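The structure under discussion appears below in the form of structure tokens.
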Amino acid sequence: MATWLYACRAMIIQPRIRGGICTTAHPEGCARHVRDQIDYVRARPRFAGPKNVLVIGASTGYGLASRIVAAFGARAKTLGVFFERPAEGGRTASAGWYNTAAFEAQASREGLWAGHVNGDAFSDEIKSESIAKLRKEAGPVDLVVYSLASPRRTHPRTGETHKSALKPVGRAYTSKSVDSETGKVTEVTMEPADEKEIADTIAVMGGEDWGMWMDALGQANMLAPGALTVAYSYIGPKVTHAIYRSGTIGKAKEHIEATAAGLTRRLAPVSGRALVSVNKAVVTQSSAAIPAVPLYITLLFRVMKDRGLHEDTIEQCHRLFTERLYGPLPAALDEEGRIRLDDWEMRDDVQQEVARRWERVTTENIAELADLDGYRGDFLKLFGFGLPGIDYTADVDPNVSPTL
Ligand code: NAD
């Protein structure tokens, strides 16, 4: 198991936001964010869950929360695969790097095996390295969580690099949108994707790579009897359908959902099962990049918080594991065979109220109708900023690295 070294070249780290992304991350803030999620899980009863888990896309967002629930809720061994950057020169590491350091340090303190492989999950090399590590240190997996969100994929067979596009399909679409930094509500027009952009987005965010992972694990005899695998999807409301569910990314999600049925057939030798879970909209590095989605999320958060229904990734993943994947009753699936963790988001009363507010929202009334502060707070938290108990004016060492 890796332990983490904290070398010393201290600096003051502040958020630096450019073009909707934050280029710095705070190691202590990320550690606090991870600890808060671990504490959420530890405050709840342990459950009989998976024993050996592979999480692909394990360093941030839904993948990180899944890993935390498996490890601290069911005491599973976890191997995390992700693509993150350590600190270099005067540059901080990426948030996912610090998150992993904090997760693995806490796991190690509690005697839980946790390992990681940092590199391109779409490649054959990273699949082989992950399988070798599992074979040596953990054994066959009984759960594989597929939680990648990536803007590009180099195909391991053709060598071609596909870039995903976040565009409508068929015709241009004009939507309200918010600049979450300034709070200005504007209209954006998105041109439709061409056939290549649709195919490329499916190649990146569809189910082919998920299948390749499962086949590689199966061929290596690294799937335990009854192994489950789950991939994450999203549907969302009518107001974002043109850009999300009926757009290029929605085509990729349809592909990943269709992949599940075929994968369950391929998992028959181990009596395994592939499932898709449709999760709630939350603020992550990926969702922040989709046009119109941040405005929807700010309105949704206000409405869900007012009704006491708000959830973030950790609450969602805890519910997924304890009530759906490993619950006392078999998971209720929708007519397409999917788990619906977006059940509260999609409730009629919630959606009707969000739609009413969507019609009315302007720069002048967004503070009253939407939860812009909650959105901004969640966004900064992704990078370790704005967390209580952290002195952001103090020097901190950005160099955190694993010793293997
Ligand atoms: P995220 O950006 O927080 O996490 C993406 C993860 O993928 C990170 O661990 C990152 O390191 C890893 N990654 C990206 N490219 C990689 C590569 N080439 N090789 C290895 N690792 C790589 O994203 P997220 O929002 O948690 O999304 C995870 C999944 O959940 C996606 O399928 C997304 O569509 C789905 N989902 C998200 C939301 C939402 O609102 N954010 C809602 C429902 C479903």
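Just so it is clear, the structure is predicted and the values come from calculations on it, not from any experiment. Each ligand, and each atom within it, is numbered from 1 in the order the structure gives.
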For atom 27 (O) of ligand 1, what's the nearest protein heavy-atom neighbour? Residue, atom name and distance, please. A149 CB, 3.8 Å
Are K253 and E336 ion-paired here, with the side-chain N under 4.0 Å from a carboxylate O? no
Salt-bridge criterion met for E353 and R357 (N-O under 4.0 Å): yes
Is there side-chain contact between D200 and K163, with at least one heavy-atom pair below 4.5 Å? no
N/O to N/O below 3.5 Å, does that happen between D120 and ligand 1? yes
Considering only non-hydrogen protein atoms, determine which one is nearest to atom 44 (C) of ligand 1 and report residue, atom name and distance to 0.1 Å. S233 O, 3.1 Å
Are any of the N or O atoms of Q285 closer than 3.5 Å to those of ligand 1? no
May I ask you to decide whether D194 forms a salt bridge with K196, counting only side-chain N to carboxylate O separations under 4.0 Å? no
Look at atom 28 (C) of ligand 1 and say which protein heavy atom is nearest, naming residue and atom and giving the distance to 0.1 Å. S147 OG, 3.1 Å
Nitrogen or oxygen atoms of A121 and ligand 1 under 3.5 Å apart: yes
Can an N or O of Y234 be found at a distance shorter than 3.5 Å from an N or O of ligand 1? no
Ligand 1 and A281, any nitrogen or oxygen pair closer than 3.5 angstrom? no
Mind checking whether N279 has an N or O less than 3.5 Å away from an N or O of ligand 1? no
Considering only heavy atoms, does A58 approach ligand 1 within less than 4.0 Å through its side chain, its backbone, both, or neither? backbone
Taking the side chain as every heavy atom from C-beta outward, state whether D124 and R157 have any pair of such atoms under 4.5 Å apart. yes
Closest protein heavy atom to atom 26 (O) of ligand 1, given as residue, atom name and distance to 0.1 Å: Y62 N, 2.8 Å
If you measure every N or O of T284 against every N or O of ligand 1, does any of those distances drop under 3.5 Å? yes
S94 to ligand 1, any heavy atom closer than 4.0 Å: no
Residue-level breakdown please: for K280 versus ligand 1, do any non-hydrogen atoms fall below 4.0 Å on the side chain, on the backbone, on both, or on neither? backbone
Under the 3.5 angstrom rule, does the side chain of N365 hit a backbone N or O of R360 as a donor-acceptor pair? yes
What residue and atom, counting heavy atoms only, is the protein's closest point to atom 23 (O) of ligand 1, and at what distance? S286 OG, 3.2 Å
